[in-house]
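Since this is a predicted model, take the numbers as computed values, not measurements.
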Amino acid sequence: GRGLTRPLRDLDLQTRTFARNQEEPTPEIVPTDDEIGVLVHSTIVMRDEIRAVQAQLRVTERRAATVELLAGVAHEVRNPLFGITSAAAALEQLLAGDARVAVHLELISRQSRRLARIMEEMLVLQRVPRRIASALPLRPVLESAAAAVRARLPRREPRIEVSPSTEVSLADADPDRIESVFSNLFENAILSSDAPVRICCRARRDEGEGVFAVIEVEDDGPGINPEIHGRVFEPFVSSRPGGTGIGLALCRQIVAEHGGTIRMSSRPGSTVFSVRLPAV
(Lines give C-alpha, C1' and ligand atoms only; values in the text may rest on other atoms or scores of the structure.)
Protein backbone atom coordinates (compact mmCIF):
# COMPACT_ATOMS: atom_id res chain seq x y z
CA GLY A 1 0.00 0.00 0.00
CA ARG A 2 2.81 2.41 0.88
CA GLY A 3 4.49 1.57 -2.42
CA LEU A 4 1.32 2.68 -4.17
CA THR A 5 0.40 5.75 -2.14
CA ARG A 6 3.88 7.29 -1.70
CA PRO A 7 4.43 8.12 -5.41
CA LEU A 8 0.85 9.37 -5.64
CA ARG A 9 1.44 11.71 -2.66
CA ASP A 10 4.69 12.92 -4.27
CA LEU A 11 2.88 13.51 -7.55
CA ASP A 12 0.12 15.44 -5.76
CA LEU A 13 2.75 17.62 -4.03
CA GLN A 14 4.52 18.26 -7.32
CA THR A 15 1.27 19.22 -9.06
CA ARG A 16 0.21 21.57 -6.25
CA THR A 17 3.64 23.23 -6.21
CA PHE A 18 3.52 23.73 -9.98
CA ALA A 19 -0.04 25.13 -9.79
CA ARG A 20 1.06 27.79 -7.27
CA ASN A 21 4.07 28.95 -9.26
CA GLN A 22 5.12 27.52 -12.62
CA GLU A 23 8.64 28.93 -12.21
CA GLU A 24 9.25 27.34 -8.81
CA PRO A 25 11.35 24.16 -8.94
CA THR A 26 9.22 21.08 -8.33
CA PRO A 27 10.40 17.93 -6.58
CA GLU A 28 11.40 15.39 -9.16
CA ILE A 29 9.82 11.94 -9.21
CA VAL A 30 11.57 9.07 -10.90
CA PRO A 31 9.01 7.27 -13.13
CA THR A 32 8.57 3.56 -12.44
CA ASP A 33 7.73 0.79 -14.88
CA ASP A 34 4.03 0.61 -14.03
CA GLU A 35 0.80 2.54 -14.51
CA ILE A 36 1.82 5.11 -11.90
CA GLY A 37 5.09 5.63 -13.75
CA VAL A 38 3.14 6.36 -16.94
CA LEU A 39 1.05 8.92 -15.02
CA VAL A 40 4.18 10.54 -13.58
CA HIS A 41 5.82 10.73 -17.02
CA SER A 42 2.68 12.29 -18.56
CA THR A 43 2.57 14.88 -15.77
CA ILE A 44 6.22 15.82 -16.33
CA VAL A 45 5.63 16.20 -20.09
CA MET A 46 2.52 18.34 -19.47
CA ARG A 47 4.44 20.55 -17.02
CA ASP A 48 7.27 21.14 -19.50
CA GLU A 49 4.83 21.91 -22.33
CA ILE A 50 2.95 24.43 -20.16
CA ARG A 51 6.21 26.18 -19.29
CA ALA A 52 7.21 26.32 -22.96
CA VAL A 53 3.84 27.80 -23.97
CA GLN A 54 4.01 30.38 -21.18
CA ALA A 55 7.54 31.38 -22.22
CA GLN A 56 6.35 31.84 -25.81
CA LEU A 57 3.39 33.92 -24.62
CA ARG A 58 5.72 36.21 -22.68
CA VAL A 59 7.89 36.67 -25.77
CA THR A 60 4.80 37.42 -27.89
CA GLU A 61 3.54 39.96 -25.34
CA ARG A 62 6.91 41.73 -25.28
CA ARG A 63 6.98 41.85 -29.09
CA ALA A 64 3.46 43.25 -29.24
CA ALA A 65 4.32 45.91 -26.65
CA THR A 66 7.48 46.81 -28.57
CA VAL A 67 5.61 47.15 -31.86
CA GLU A 68 2.95 49.34 -30.24
CA LEU A 69 5.64 51.55 -28.70
CA LEU A 70 7.51 51.86 -31.99
CA ALA A 71 4.33 52.82 -33.84
CA GLY A 72 3.58 55.49 -31.24
CA VAL A 73 7.08 56.93 -31.54
CA ALA A 74 6.82 56.92 -35.34
CA HIS A 75 3.51 58.82 -35.26
CA GLU A 76 4.96 61.44 -32.90
CA VAL A 77 8.17 61.92 -34.92
CA ARG A 78 6.62 62.16 -38.38
CA ASN A 79 5.23 65.70 -38.02
CA PRO A 80 8.40 67.40 -36.69
CA LEU A 81 10.42 65.40 -39.22
CA PHE A 82 8.24 66.77 -42.02
CA GLY A 83 8.93 70.28 -40.69
CA ILE A 84 12.69 69.67 -40.70
CA THR A 85 12.59 68.29 -44.24
CA SER A 86 10.51 71.22 -45.50
CA ALA A 87 12.79 73.77 -43.83
CA ALA A 88 15.87 72.10 -45.34
CA ALA A 89 14.29 72.18 -48.80
CA ALA A 90 13.43 75.89 -48.41
CA LEU A 91 16.97 76.69 -47.29
CA GLU A 92 18.41 74.82 -50.27
CA GLN A 93 16.41 77.06 -52.59
CA LEU A 94 17.31 80.29 -50.74
CA LEU A 95 21.00 79.47 -50.44
CA ALA A 96 21.50 77.75 -53.78
CA GLY A 97 25.06 78.22 -54.97
CA ASP A 98 26.50 78.89 -51.49
CA ALA A 99 29.15 76.21 -51.17
CA ARG A 100 29.69 76.99 -47.48
CA VAL A 101 26.30 75.60 -46.45
CA ALA A 102 25.48 73.27 -49.36
CA VAL A 103 27.24 70.28 -47.83
CA HIS A 104 25.47 70.77 -44.49
CA LEU A 105 22.06 71.13 -46.09
CA GLU A 106 22.65 68.03 -48.19
CA LEU A 107 23.53 66.11 -45.00
CA ILE A 108 20.33 67.29 -43.29
CA SER A 109 18.28 66.30 -46.32
CA ARG A 110 19.91 62.86 -46.65
CA GLN A 111 19.60 61.99 -42.98
CA SER A 112 16.00 63.27 -42.89
CA ARG A 113 15.11 60.93 -45.75
CA ARG A 114 16.78 58.05 -43.93
CA LEU A 115 14.86 58.83 -40.75
CA ALA A 116 11.61 59.08 -42.71
CA ARG A 117 12.25 55.61 -44.15
CA ILE A 118 12.85 54.22 -40.65
CA MET A 119 9.61 55.79 -39.43
CA GLU A 120 7.69 54.25 -42.32
CA GLU A 121 9.14 50.82 -41.59
CA MET A 122 8.19 51.16 -37.93
CA LEU A 123 4.60 51.95 -38.93
CA VAL A 124 4.52 48.99 -41.31
CA LEU A 125 5.29 46.70 -38.36
CA GLN A 126 1.92 47.59 -36.81
CA ARG A 127 -0.22 47.25 -39.92
CA VAL A 128 -2.36 44.19 -40.53
CA PRO A 129 -2.48 43.88 -44.33
CA ARG A 130 -5.34 42.46 -46.32
CA ARG A 131 -4.53 38.85 -47.09
CA ILE A 132 -5.11 37.44 -50.56
CA ALA A 133 -6.62 33.98 -50.21
CA SER A 134 -5.09 32.17 -53.15
CA ALA A 135 -2.30 29.77 -54.03
CA LEU A 136 0.91 31.56 -54.97
CA PRO A 137 3.60 30.02 -57.24
CA LEU A 138 6.84 30.57 -55.39
CA ARG A 139 9.43 30.82 -58.15
CA PRO A 140 8.08 34.01 -59.83
CA VAL A 141 8.02 35.75 -56.43
CA LEU A 142 11.66 34.86 -55.75
CA GLU A 143 12.70 35.95 -59.26
CA SER A 144 10.86 39.25 -58.83
CA ALA A 145 12.52 39.87 -55.45
CA ALA A 146 15.94 39.17 -56.97
CA ALA A 147 15.25 41.51 -59.91
CA ALA A 148 14.13 44.29 -57.57
CA VAL A 149 17.33 44.02 -55.51
CA ARG A 150 19.50 43.98 -58.67
CA ALA A 151 17.76 47.19 -59.78
CA ARG A 152 18.20 48.89 -56.39
CA LEU A 153 21.88 47.95 -56.00
CA PRO A 154 23.34 47.92 -59.53
CA ARG A 155 26.81 49.02 -58.41
CA ARG A 156 27.08 45.95 -56.20
CA GLU A 157 26.41 43.70 -59.19
CA PRO A 158 24.31 41.30 -57.08
CA ARG A 159 24.85 37.60 -57.73
CA ILE A 160 21.55 36.00 -56.79
CA GLU A 161 20.87 32.46 -57.98
CA VAL A 162 17.32 31.09 -57.67
CA SER A 163 17.44 27.30 -57.86
CA PRO A 164 15.23 25.64 -60.50
CA SER A 165 13.89 23.32 -57.78
CA THR A 166 11.47 25.98 -56.54
CA GLU A 167 8.37 24.72 -58.37
CA VAL A 168 6.06 24.83 -55.35
CA SER A 169 3.03 26.97 -54.55
CA LEU A 170 2.35 28.69 -51.24
CA ALA A 171 -1.09 28.49 -49.64
CA ASP A 172 -3.14 31.64 -49.04
CA ALA A 173 -0.22 34.02 -49.59
CA ASP A 174 0.06 37.73 -50.35
CA PRO A 175 2.60 38.07 -53.22
CA ASP A 176 3.72 41.60 -52.30
CA ARG A 177 4.33 40.72 -48.65
CA ILE A 178 6.14 37.48 -49.48
CA GLU A 179 8.30 39.25 -52.06
CA SER A 180 9.27 41.88 -49.48
CA VAL A 181 10.52 39.11 -47.17
CA PHE A 182 12.96 37.76 -49.74
CA SER A 183 14.01 41.13 -51.13
CA ASN A 184 14.91 42.07 -47.53
CA LEU A 185 16.93 38.88 -47.10
CA PHE A 186 18.70 39.33 -50.46
CA GLU A 187 19.50 42.99 -49.79
CA ASN A 188 20.79 42.32 -46.26
CA ALA A 189 23.13 39.66 -47.60
CA ILE A 190 24.52 41.95 -50.32
CA LEU A 191 25.05 44.87 -47.94
CA SER A 192 26.71 42.69 -45.28
CA SER A 193 30.11 43.14 -46.90
CA ASP A 194 32.00 45.57 -49.11
CA ALA A 195 33.20 42.57 -51.12
CA PRO A 196 30.93 40.84 -53.67
CA VAL A 197 28.53 38.37 -52.04
CA ARG A 198 27.01 35.35 -53.75
CA ILE A 199 23.48 34.36 -52.78
CA CYS A 200 21.85 30.99 -53.43
CA CYS A 201 18.10 30.62 -52.95
CA ARG A 202 16.66 27.10 -52.95
CA ALA A 203 13.35 25.56 -51.94
CA ARG A 204 11.88 22.14 -51.19
CA ARG A 205 8.60 20.62 -50.12
CA ASP A 206 8.23 19.30 -46.59
CA GLU A 207 5.29 16.94 -46.17
CA GLY A 208 5.90 15.87 -42.58
CA GLU A 209 3.25 17.48 -40.36
CA GLY A 210 1.26 19.18 -43.10
CA VAL A 211 2.54 20.50 -46.42
CA PHE A 212 5.15 23.26 -46.25
CA ALA A 213 7.63 24.99 -48.50
CA VAL A 214 11.08 25.42 -46.96
CA ILE A 215 13.01 28.23 -48.66
CA GLU A 216 16.67 28.74 -47.79
CA VAL A 217 18.60 31.91 -48.59
CA GLU A 218 22.33 31.32 -48.17
CA ASP A 219 25.15 33.79 -48.74
CA ASP A 220 28.92 33.49 -48.54
CA GLY A 221 29.41 36.80 -46.73
CA PRO A 222 31.28 37.46 -43.47
CA GLY A 223 28.52 36.10 -41.24
CA ILE A 224 26.49 37.75 -38.48
CA ASN A 225 28.05 38.83 -35.21
CA PRO A 226 27.60 35.88 -32.78
CA GLU A 227 26.66 38.30 -30.00
CA ILE A 228 23.33 39.06 -31.70
CA HIS A 229 22.46 35.62 -33.11
CA GLY A 230 19.56 35.27 -30.69
CA ARG A 231 18.24 38.79 -31.36
CA VAL A 232 18.52 39.29 -35.12
CA PHE A 233 14.72 39.40 -35.54
CA GLU A 234 14.22 42.05 -32.86
CA PRO A 235 13.60 45.68 -33.93
CA PHE A 236 16.69 47.92 -34.08
CA VAL A 237 19.15 45.02 -33.88
CA SER A 238 21.54 45.13 -36.83
CA SER A 239 25.04 43.83 -37.50
CA ARG A 240 25.90 46.10 -40.43
CA PRO A 241 26.79 49.82 -40.44
CA GLY A 242 23.83 51.96 -41.43
CA GLY A 243 21.31 49.15 -40.88
CA THR A 244 18.02 50.12 -39.24
CA GLY A 245 17.29 46.75 -37.67
CA ILE A 246 13.70 46.87 -38.95
CA GLY A 247 13.93 44.63 -42.02
CA LEU A 248 14.32 41.26 -40.28
CA ALA A 249 11.69 42.15 -37.67
CA LEU A 250 9.31 42.87 -40.54
CA CYS A 251 10.27 39.57 -42.23
CA ARG A 252 9.45 37.65 -39.07
CA GLN A 253 6.08 39.38 -38.75
CA ILE A 254 5.07 38.72 -42.36
CA VAL A 255 6.10 35.07 -42.15
CA ALA A 256 4.17 34.65 -38.88
CA GLU A 257 1.08 36.27 -40.46
CA HIS A 258 1.21 33.56 -43.12
CA GLY A 259 1.45 30.76 -40.54
CA GLY A 260 5.15 30.13 -41.04
CA THR A 261 8.48 30.42 -39.25
CA ILE A 262 11.88 31.91 -40.06
CA ARG A 263 15.23 30.82 -38.61
CA MET A 264 18.84 31.86 -39.01
CA SER A 265 22.19 30.13 -38.72
CA SER A 266 25.46 31.93 -39.38
CA ARG A 267 29.21 31.48 -39.36
CA PRO A 268 31.99 33.22 -41.29
CA GLY A 269 31.49 32.40 -44.96
CA SER A 270 27.92 31.10 -44.66
CA THR A 271 24.70 32.65 -43.39
CA VAL A 272 21.44 30.80 -43.99
CA PHE A 273 17.92 32.12 -43.45
CA SER A 274 15.34 29.32 -43.57
CA VAL A 275 11.72 30.32 -44.20
CA ARG A 276 8.99 27.70 -43.71
CA LEU A 277 5.56 28.54 -45.15
CA PRO A 278 2.34 26.55 -45.69
CA ALA A 279 2.19 25.15 -49.23
CA VAL A 280 -0.23 23.34 -51.51
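In this structure, Val141 and Pro175 approach most closely via the heavy-atom pair CG1-O, 4.2 Å. The heavy-atom pair separating Ile190 from Ile199 by the smallest distance is CG1-CD1, 3.6 Å. Taking both residues in full, the closest heavy atoms of Asp174 and His258 are given as N-NE2, 3.1 Å, listed atom of the first, atom of the second, then distance. Closest approach of Gly221 and Val197 over heavy atoms only: N-CG1, 4.1 Å. In plain terms, the two heavy atoms of Ser266 and Gly223 that are nearest each other are OG-CA, 3.3 Å. Between Pro278 and Phe212, the shortest heavy-atom distance links the atoms N-CD2, 3.6 Å.
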Between Arg205 and Val211, is a side chain to side chain contact (heavy atoms under 4.5 Å, CB included) present by the stated rule, with each step listed? CA-CA 7 Å; Arg205 288 174 66 88; Val211 181; 3.3 Å; yes
Starting from the C-alpha separation in whole Å, work towards a yes-or-no answer on salt bridge (charged side-chain N to carboxylate O under 4.0 Å, His left out) for Arg198 and Asp219. CA-CA 6 Å; Arg198 177 177 173 270; Asp219 69 72; over 6 Å; no
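In this structure, CG on Leu136 lies 7.0 Å from OG on Ser169, to the nearest 0.5 angstrom. Atom CG of Leu138 and atom CD1 of Ile178 lie 8.5 Å apart (nearest 0.5 Å). Annotation: the span from Ser193 atom OG to Asp220 atom CG amounts to 9.0 Å, rounded to 0.5 Å. How far OG of Ser144 is from CZ of Arg139: 13.0 Å, rounded to the nearest 0.5 Å. Here NE2 of His229 is found 11.5 Å from CZ of Arg231. Values are rounded to the nearest 0.5 Å. The CD atom of Glu216 lies 5.0 Å from the OG atom of Ser274; values are rounded to the nearest 0.5 Å.
In this structure, Val280 and Val168 have side chains that are not in contact, with every pair of non-hydrogen atoms separated by 4.5 Å or more. Looking at Val272 and Val217, their side chains never come closer than 4.5 Å, going by heavy atoms from C-beta outward. Considering only heavy atoms from C-beta on, Val275 comes within 4.5 Å of Phe182 through its side chain. Using a 4.5 Å heavy-atom cutoff, the side chains of Pro196 and Arg159 are in contact. A 4.5 Å side-chain heavy-atom check between Ile224 and Met264 finds at least one atom pair inside the cut-off. Put simply, the side chain of Arg47 reaches to within 4.5 Å of the side chain of Ile44, judged on heavy atoms. Side-chain contact between Leu191 and Leu153: present, with at least one pair of heavy atoms (C-beta onward) separated by less than 4.5 Å. Two residues are said to be in side-chain contact when any heavy atoms from C-beta on lie closer than 4.5 Å; Ile215 and Arg202 fail this criterion.
For the side-chain contact (heavy atoms from CB on, under 4.5 Å) with Ile108, the qualifying choice from Ile84, Leu91, Val101 is Ile84, the only one to do so.
For Arg150 (side chain) and Ile160 (main-chain N/O), a donor-acceptor pair under 3.5 Å exists by modelled atom type. Not one N or O on the side chain of Ser109 forms a donor-acceptor pair closer than 3.5 Å with the backbone of Glu106. Although no hydrogens or angles enter the test, the distance criterion places a donor-acceptor pair under 3.5 Å between the side chain of Ser183 and the main chain of Ser180.
Using a 3.5 Å distance cut-off with no hydrogens or angles, the side chains of Glu218 and Thr271 do not pair a donor with an acceptor.
Counting non-hydrogen atoms of other residues, nucleotides and ligands closer than 6.0 Å to CG of Asp194 gives a total of 12 or fewer. Surrounding CZ of Arg152 are more than 12 heavy atoms belonging to other residues, nucleotides or ligands, all under 6.0 Å away.
Geometric assessment of Arg252 against the ring of Phe233 yields a negative cation-pi assignment under the 6.0 Å and 45° thresholds.
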